[in-house]
Amino acid sequence: MTNLNYDEAAVAREEANYQTATARARRAFVREQLNLKSGESVLSIGCGPGFEPSELASQTNASRVLGVDSNPAMLAVSRDRCPDAVSLLRGDATSIPVADGSVETAVSVQVYEYIDDIDAALSELHRVLDSDGRAVIYATDWESLVWRVRNSARSNRVLSAWNEHCSHPHLGSTLEPKLRAASFDVTDIVPYTLLLTELGQDSFAYYLLASIREFVTPRLGAEVARQWAEDVRTRDRRSESFFSLTQFCYLVEPVDE
C-alpha cells in the first residue's frame, strides 16, 4: 500500500492540489474518456477528497454515483463536498463494498500504483463491473518525469527516492499485460502529459514539490531535500521552469473468464 502518510496536513495539501487548474483539466479529460451515458451507474475508486464523484454527479446524467476510499480523513472531506446523490463507502481497491456486477462504469485515477497486490485489485474491479461495463484506469510512470534543475545529480537522487512512495512507480507503462491477465480487454491507451513552465499555486507541480520534499527528507536528509526544492524554485524565479509528466489512461472492458 502507499508509503505516503495522509495526516491532516497532507489531506489539506491534497485537497488544495485537486483544486488547481491542472487537476481540473485532468478530471475533465478523464470524464471525456469515460464518456458516461445517461442512466449509467459509476464507481469512483480511491475518490480522495471527493472532487471526482461530486463532478460526476453534477456534470453527468449518471443514475448512481459511488465513491470508495480507505482513508477516513479523505472520506470526511468527501462527505463535506459531495451532494446527497453520491454514496460514499469505506473500502479499498482490493475490497470494494459493492455487489458483484453492480456497476456499469468505474474510474480510478492514480490509485492502482499504490496497491501492493495489483492483481487482486484488478480482479476486484472485474468482480464489481457489469459484464457489459467498462472502466477508465489512469496511471503514472514516474520515469517520465522531467523537472529541470541546475544540479541534475542531486535531482536524480531525489526523484529516485521519490519512486519509493508507491508500490508500482512505473505502472503507467506496464499495466496492459496485467489487465489482460485479469480478463480485461484494453480498448485504448491514451497518454496525457502535464506540461508546466511556471511553479504557481494553481499547478500540480507546486504541490508535488512539497510532497516530494517531505517524503525524501528522512531518506536523504533535510539539507539535500531543501537544496533540491530551492533549485527548482530558483529556476522558476528566473522564468526557466520546466515540468513534464506523462500519465496514461487505460480504457478497459471485462471479458468472460
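All values below come from the heavy atoms of this structure, side chains included, with hydrogens, waters and symmetry mates left out.
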Backbone of [Y] reached by a side-chain donor or acceptor of [X] within 3.5 Å:
| X | Y | answer |
| --- | --- | --- |
| Asp202 | Ala21 | yes |
| Asn163 | Pro169 | no |
| His168 | Tyr114 | no |
| Ser78 | Gly50 | yes |
| Ser95 | Asp92 | no |
| Thr217 | Arg213 | yes |

Sequence neighbours excluded, which residues qualify as side chain to side chain donor-acceptor pair (under 3.5 Å) partners of Gln201?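 Counting only residues at least two positions away or on another chain, Gln201 forms no side chain to side chain donor-acceptor pair (under 3.5 Å).
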Only counting residues at least two apart or in another chain, list the ones meeting side chain to side chain donor-acceptor pair (under 3.5 Å) with Arg154.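 With neighbours one apart ignored, the set is Gln227, Asp231.
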Look up atom [atom1] in [X] and atom [atom2] in [Y], then write down how far apart they are to the nearest 0.5 Å.
| X | Y | atom1 | atom2 | value |
| --- | --- | --- | --- | --- |
| Glu143 | Thr174 | CD | OG1 | 10.5 Å |
| Ile212 | His165 | CD1 | NE2 | 8.0 Å |
| Leu89 | Ile96 | CG | CD1 | 10.0 Å |
| Thr187 | Tyr250 | OG1 | OH | 12.0 Å |
| Glu52 | Asp69 | CD | CG | 10.5 Å |
| Ser54 | Arg27 | OG | CZ | 9.0 Å |

Within the supplied structure, the quantity of interest is the number of heavy atoms (other residues, nucleotides, ligands) at a distance under 6.0 Å from Arg31 CZ; does it exceed 12?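 Count over threshold, so yes.
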Just checking Glu198: does its CD atom have more than 12 heavy atoms from other residues, nucleotides or ligands closer to it than 6.0 angstrom?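 Check fails, neighbour count at 12 or below.
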Closest approach of [X] to [Y] (non-hydrogen atoms, all atoms of both residues):
| X | Y | result |
| --- | --- | --- |
| Val111 | Ile45 | CG2-O, 3.4 Å |
| Cys166 | Glu113 | CB-O, 3.5 Å |
| Pro53 | Val86 | O-CG2, 3.6 Å |
| Val186 | Ile189 | CG1-CG1, 3.8 Å |
| Tyr207 | Ser203 | CD1-O, 3.5 Å |

Applying ring-ring contact (aromatic ring centres under 6.0 Å, His included), name anything that partners Tyr138, two or more places apart in sequence or on another chain.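 Listed in chain order: nothing, the list is empty.
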Using ring-ring contact (aromatic ring centres under 6.0 Å, His included) as the criterion, list what pairs up with Phe184, not counting sequence neighbours.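 Residues passing ring-ring contact (aromatic ring centres under 6.0 Å, His included) with Phe184: His126.
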Are any of the side-chain heavy atoms of [X] and [Y] separated by less than 4.5 Å?
| X | Y | answer |
| --- | --- | --- |
| Leu209 | Arg233 | yes |
| Thr140 | Leu171 | no |
| Arg157 | Trp228 | no |
| Ser244 | Thr193 | yes |
| Leu122 | Tyr112 | yes |
| Leu194 | Tyr192 | yes |
| Leu208 | Phe243 | yes |
| Ser131 | Pro254 | no |

Test item: side-chain donor near acceptor, [X] and [Y], under 3.5 Å:
| X | Y | answer |
| --- | --- | --- |
| Ser41 | Ser63 | no |
| Ser211 | Arg13 | yes |
| Gln110 | Arg26 | yes |

Decide yes or no on side-chain contact (heavy atoms from CB on, under 4.5 Å) for Thr60 and Leu34, but give the supporting numbers first. CA-CA 11 Å; Thr60 72; Leu34 184 62; over 6 Å; no
Could you walk me through whether Ser160 and Arg219 pass the side-chain contact (heavy atoms from CB on, under 4.5 Å) test, one step at a time? CA-CA 11 Å; Ser160 178; Arg219 291 160 175 80; over 6 Å; no
Answer yes when Arg237 and Glu230 have at least one side-chain N-carboxylate O distance shorter than 4.0 Å, and no when they do not. yes
Residues that Glu240 engages under salt bridge (charged side-chain N to carboxylate O under 4.0 Å, His left out), provided they are two or more places apart: Arg235
Indicate if [X] and [Y] have the same hydrophobic cluster label, given that clusters are the connected sets of ILVMFWY residues with side-chain heavy-atom separations under 4.5 angstrom.
| X | Y | answer |
| --- | --- | --- |
| Trp142 | Leu220 | yes |
| Val109 | Val136 | yes |
| Tyr206 | Leu245 | no |
| Val149 | Leu159 | yes |
| Leu195 | Trp147 | no |

With respect to Val103, which candidate in Leu129, Val42, Asp130, Val65 satisfies the side chain to side chain contact (heavy atoms under 4.5 Å, CB included) definition?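 In the set Leu129, Val42, Asp130, Val65, the residue that makes a side chain to side chain contact (heavy atoms under 4.5 Å, CB included) with Val103 is Leu129.
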Under the rule for side chain to side chain contact (heavy atoms under 4.5 Å, CB included), what residues qualify as partners of Glu40, not counting sequence neighbours?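 Counting only residues at least two positions away or on another chain, Glu40 forms a side chain to side chain contact (heavy atoms under 4.5 Å, CB included) with Leu36, Lys37, Glu104, Thr105, Arg134.
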Should the ring pair Tyr18 and Phe51 be called parallel, tilted or perpendicular, given that the plane angle runs from 0 to 90° and is split at 30 and 60? parallel
Given side-chain contact (heavy atoms from CB on, under 4.5 Å), test Phe248 with Asp141 step by step and report yes or no. CA-CA 8 Å; Phe248 301 89; Asp141 186 334; 4.2 Å; yes
Using the side-chain contact (heavy atoms from CB on, under 4.5 Å) rule, take Arg150 and Thr234 through it: C-alpha gap first, then chi angles, then the decisive distance, then the call. CA-CA 9 Å; Arg150 182 176 181 180; Thr234 298; over 6 Å; no
